[in-house]
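Okay, structure first, notes after.
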Amino acid sequence: MAGGLAYSNIELSIRRVIFKEIEKRNYREKEPFEVLISTYNKLFDAVSELRHEILLLTIQNEKLRQENLQNGQGTLEGKSTEKSSILEQKIYSLQEELTNLHRRKGEHAQQIVDLTSKLQEAEKNLNLKENLLSEAETNIIVLKDEKKQLEISLAETEGGNQVLRDEHQALQIAYASIEEKLKILHYENIALVERLMAYKAHDAEILNKENEHFVKIKQAQMQKELEEAASEVKVVTADRLLFETPLLSTSIPTKVHSKFDAHEGEVNALQFNAAGRMLASGGSDRKIKLWDIGQNTCSLRGSLTGSNAGITSVEFDANGALILAASNDFATRVWTVEDQRLRHTLTGHSGKVLAARFMGDTSVVVTGSHDRTLKIWDLRSRACIATKFAGSSCNDLVTIDGVQILSGHFDKRIRFWDQRSESSHNEIVLQGKVTSLDLSRDRNHLLACVRDDSLVTIDLRMNQKICNSFTDDEFHVACDWNRAAFSSSGEYISVGSSDGTVFIFNTSTTVVEQRLKEHSSAVIAVAWHPCDYALASCDKTKRVVIWTDGGYN
């Protein structure tokens with residue numbers, strides 16, 4: 001109600017202002033014209049009277065001339081001439097006066113025209129101001145409505161802010177309570193870890209004692225067998241000594257045994273079979289090639305085909321009868337080595353498959369893909385029996401005892417999985433993307449190649465603790481799928497560098513024991529012979545090199 005009265009008062013005041021402005025304009029613009037108009041009317045009347053007088057005088061002059069002509073009298077002629085001259089002078093003066101009046105009339109008409117144009121311009125300005133005034137009134141009404149809406153919105157916002165303040169206070173109280181619980185749980189966790197470490201140390205001592213006892217028994221048995229076989233003589237060729245003996249060598253490969261172009265493009269994966277007589281290589285030309293390793297030569301045994309894209313990893317089963325390979329065509333395949341036939345094709349990933357491993361039993365396979373999942377397959381049914389969502393691209397994986405899976409990922413994490421659980425039960429965060437994983441033969445240590453140009457070993461017995469880190473100023477990881485490997489004895493680890501050098505590190509001292517230089521491009525993968533007599537390496541320019549210690553060339 002009060003708002004309506006205020007609005008009517010404002011409207012009345014605006015009308016009064018407009019009325020006063022109109023009166024001022026009327027007074028300002030009407031007064032000069034009234035004087036001019038009255039003066040013009042007087043002049044017009046005077047001109048009319050003078051015209052009338054001139055007409056009368058002209059008539060009288062004609063009459064006088066007619067009379068003079070008729071009478072012919074000299075006296076009268078003189079008088080009439082005199083009257084005529086007087087009348088002519090009077091007419092001349094009246095004409096001059098008439099001319100002046102016409103001039104003044106023209107000036108006044110010009111003034112009227114100028115004032116009329118000014119009046120029109122003033123009317124335009126007035127109309128413009130009236131339009132502006134009406135627009136201002138409209139804007140005032142609109143702004144008043146907006147003001148009311150803003151006042152309502154402000155009140156609602158203040159109410160919402162008050163609610164948020166209350167919620168914030170409640171959350172702060174809850175956060176303080178949770179933080180206190182977290183501290184308590186942290187201290188409890190530390191205590192549990194200490195107890196677990198004590199238990200593990202105790203178990204390690206017992207295990208070491210059992211191992212010592214077992215070694216003593218095995219040594220006694222071996223001594224007995226050696227004594228029984230002392231009378232027998234067995235000749236072994238150099239070729240068989242190099243690639244068949246089960247004893248591990250402590251020598252380091254230093255020289256090139258053989259080198260050859262294995263594929264039509266880059267070679268991505270290598271692995272020896274368990275007997276060490278055969279080497280498998282997988283390349284970007286979509287083929288897996290099997291090589292028979294001789295004393296001084298390597299011969300092609302066969303090619304496994306069927307993949308529609310480049311091969312990313314290869315693995316023999318424990319018996320060497322099957323070979324498993326992952327591919328960039330989103331699939332994993334299994335071939336039999338004897339007849340080189342494709343037996344299984346496992347499809348289901350939505351991204352390229354970067355790693356594939358047998359899980360102890362040759363009928364179960366686990367794969368890791370760029371689609372951020374791990375899948376477990378049953379080869380008997382050729383079906384996926386489990387899918388694990390890792391949340392990041394899997395670059396490599398290994399398995400332990402057919403139950404546990406360890407996977408390395410693009411997000412710098414190593415995840416630990418149990419085959420029976422859907423989520424990982426532990427994670428280790430490294431300083432870069434994990435490009436490969438490898439297990440030592442005793443399954444106690446894990447080797448990870450990291451994109452920050454380093455290698456790390458992790459003790460799986462000590463709560464997955466990082467033991468050592470291996471770096472060198474000249475070592476640079478070649479790509480996101482660069483493969484590093486433990487030697488069979490576990491004394492050394494090898495890895496290829498982007499400059500074509502193969503580095504061999506000592507696992508105990510972490511120093512570089514040997515640099516092997518033969519490749520002309522980045523080395524992608526390496527593989528140790530099961531007896532450590534040889535080391536194979538491959539690069540991006542289709543070259544495979546086999547290194548030995550030089551004693552059998």
Side-chain angles (χ1 to χ4, degrees), residues 253 256-273 276 278-291 293 298 304 307 309-316 323-328 352-357 368 394-398 408 433-439 447-451 453-455 470 475-488 492-505 515-530 532 534-547:
V256 176
H257 169 270
S258 58
K259 56 184 178 180
F260 51 92
D261 292 340
H263 292 267
E264 297 175 6
E266 62 186 40
V267 188
N268 296 324
L270 293 172
Q271 193 187 33
F272 285 96
N273 67 352
M278 186 184 302
L279 175 69
S281 63
S284 59
D285 59 357
R286 302 177 296 175
K287 298 177 182 178
I288 299 172
K289 294 191 176 182
L290 303 178
W291 306 90
I293 310 299
C298 291
L304 308 182
S307 176
I311 303 297
T312 56
S313 76
V314 294
E315 185 185 37
F316 285 99
I323 188 165
L324 171 69
S327 173
N328 282 329
K352 55 188 178 181
V353 185
L354 299 174
R357 303 284 183 183
C394 176
N395 291 336
D396 200 6
L397 57 84
V398 293
K433 294 178 284 188
V434 182
T435 68
S436 73
L437 298 176
D438 191 34
L439 280 173
L447 171 65
C449 182
V450 188
R451 201 67 170 90
D453 298 333
S454 69
L455 302 169
F470 304 83
F475 169 60
H476 301 287
V477 177
C479 57
D480 286 346
W481 54 94
N482 206 39
R483 308 299 191 192
F486 269 117
S487 66
S488 298
Y492 305 104
I493 56 177
S494 61
V495 65
S497 178
S498 60
D499 64 352
T501 304
V502 177
F503 287 82
I504 299 178
F505 292 90
R515 290 179 172 87
L516 307 177
K517 296 184 179 181
E518 180 64 28
H519 293 277
S520 58
S521 63
V523 176
I524 297 177
V526 295
W528 286 88
H529 187 274
D532 288 350
L535 174 68
S537 58
C538 60
D539 62 29
K540 286 190 174 183
T541 55
K542 62 189 178 182
R543 178 62 58 89
V544 172
V545 178
I546 298 178
W547 310 83

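Computed from heavy atoms alone, side chains included, the values below leave out hydrogens, waters and symmetry copies.
Within a 6.0 Å radius of CZ in Arg451, other residues, nucleotides and ligands contribute more than 12 heavy atoms.
Put simply, the residue from Leu437, Asn482, Val434, Leu354 that forms a side-chain contact (heavy atoms from CB on, under 4.5 Å) with Asn395 is Leu354. Just one of Phe505, Phe486, Phe503 meets the ring-ring contact (aromatic ring centres under 6.0 Å, His included) condition when paired with Phe470; it is Phe505.
Rounded to the nearest 0.5 Å, atoms NZ (Lys287) and CD (Glu264) are 5.0 Å apart. Distance check, rounded to the nearest 0.5 Å: CD of Gln271 to CG of Leu324 gives 9.5 Å. Between the NZ atom in Lys352 and the OG atom in Ser327 there is a gap of 11.0 Å [rounded to 0.5 Å]. In this structure, the separation between CZ on Arg483 and OG1 on Thr312 is 7.0 Å, given to the nearest 0.5 Å. For the atom pair OG (Ser494) and CH2 (Trp547), the distance works out to 11.5 Å, reported to the nearest 0.5 Å. Note that SG of Cys298 is 13.5 Å distant from NZ of Lys289, once rounded to the nearest 0.5 Å.
Two residues are said to be in side-chain contact when any heavy atoms from C-beta on lie closer than 4.5 Å; Val495 and Leu447 fail this criterion. Taking 4.5 Å as the limit, every side-chain heavy atom of Lys433 sits out of range of all side-chain heavy atoms of Val450. Side-chain atoms of Leu290 and Ile323, non-hydrogen and from C-beta on, do get closer than 4.5 Å to each other. Side-chain contact between Val545 and Val502 is absent, with no heavy-atom pair separated by less than 4.5 Å.
One N or O on the side chain of Ser284 and one on the backbone of Glu266 form a donor-acceptor pair closer than 3.5 Å. Between the side chain of Ser487 and the backbone N or O of Trp528 there is no donor-acceptor pair closer than 3.5 Å. The main-chain N or O of Ser488 is found under 3.5 Å from a side-chain atom of Asp532 such that the two form a donor-acceptor pair. The backbone N or O of Ser281 sits less than 3.5 Å from a side-chain atom of His263, completing a donor-acceptor pair. Distance alone, capped at 3.5 Å, places no donor-acceptor pair between the Arg515 side chain and the Ile504 backbone. Counting only distance, with no hydrogens or angles, the side chain of Ser436 and the backbone of Ala484 share a donor-acceptor pair below 3.5 Å. Checked by atom type and distance alone, the side chain of Asp539 never pairs as donor or acceptor with a backbone atom of Ala522 at under 3.5 Å. Ser497 places no side-chain N or O within 3.5 Å of a backbone atom of Phe475 that could act as its donor or acceptor partner. Listed for the Asn268 side chain is no donor-acceptor partner under 3.5 Å among the backbone atoms of Gly282. A donor-acceptor contact shorter than 3.5 Å links the side chain of His529 to the backbone of Gly276.
Scored by the salt bridge (charged side-chain N to carboxylate O under 4.0 Å, His left out) test, Glu315 finds Arg357 as partners (sequence neighbours excluded).
Scanning both residues, Leu535 and Pro253, for their nearest heavy atoms gives CB-CG, 4.0 Å. Shortest non-hydrogen contact noted between Ala356 and Ala326 is CB-CB, 4.1 Å. Contact detail for His476 and Asp453: the closest heavy-atom pair is ND1-OD2, 3.2 Å. The shortest heavy-atom contact between Ala325 and Ile288 is CB-CD1, 3.1 Å. Counting all heavy atoms, side chain and backbone alike, Ser520 lies closest to Thr541 at OG-OG1, 4.1 Å.
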* Asked: Would Ile293 and Phe272 count as a side chain to side chain contact (heavy atoms under 4.5 Å, CB included) if you check the C-alpha gap in whole Å, the side-chain angles of each, and the deciding distance to 0.1 Å?
  -> CA-CA 10 Å; Ile293 310 299; Phe272 285 96; 4.2 Å; yes
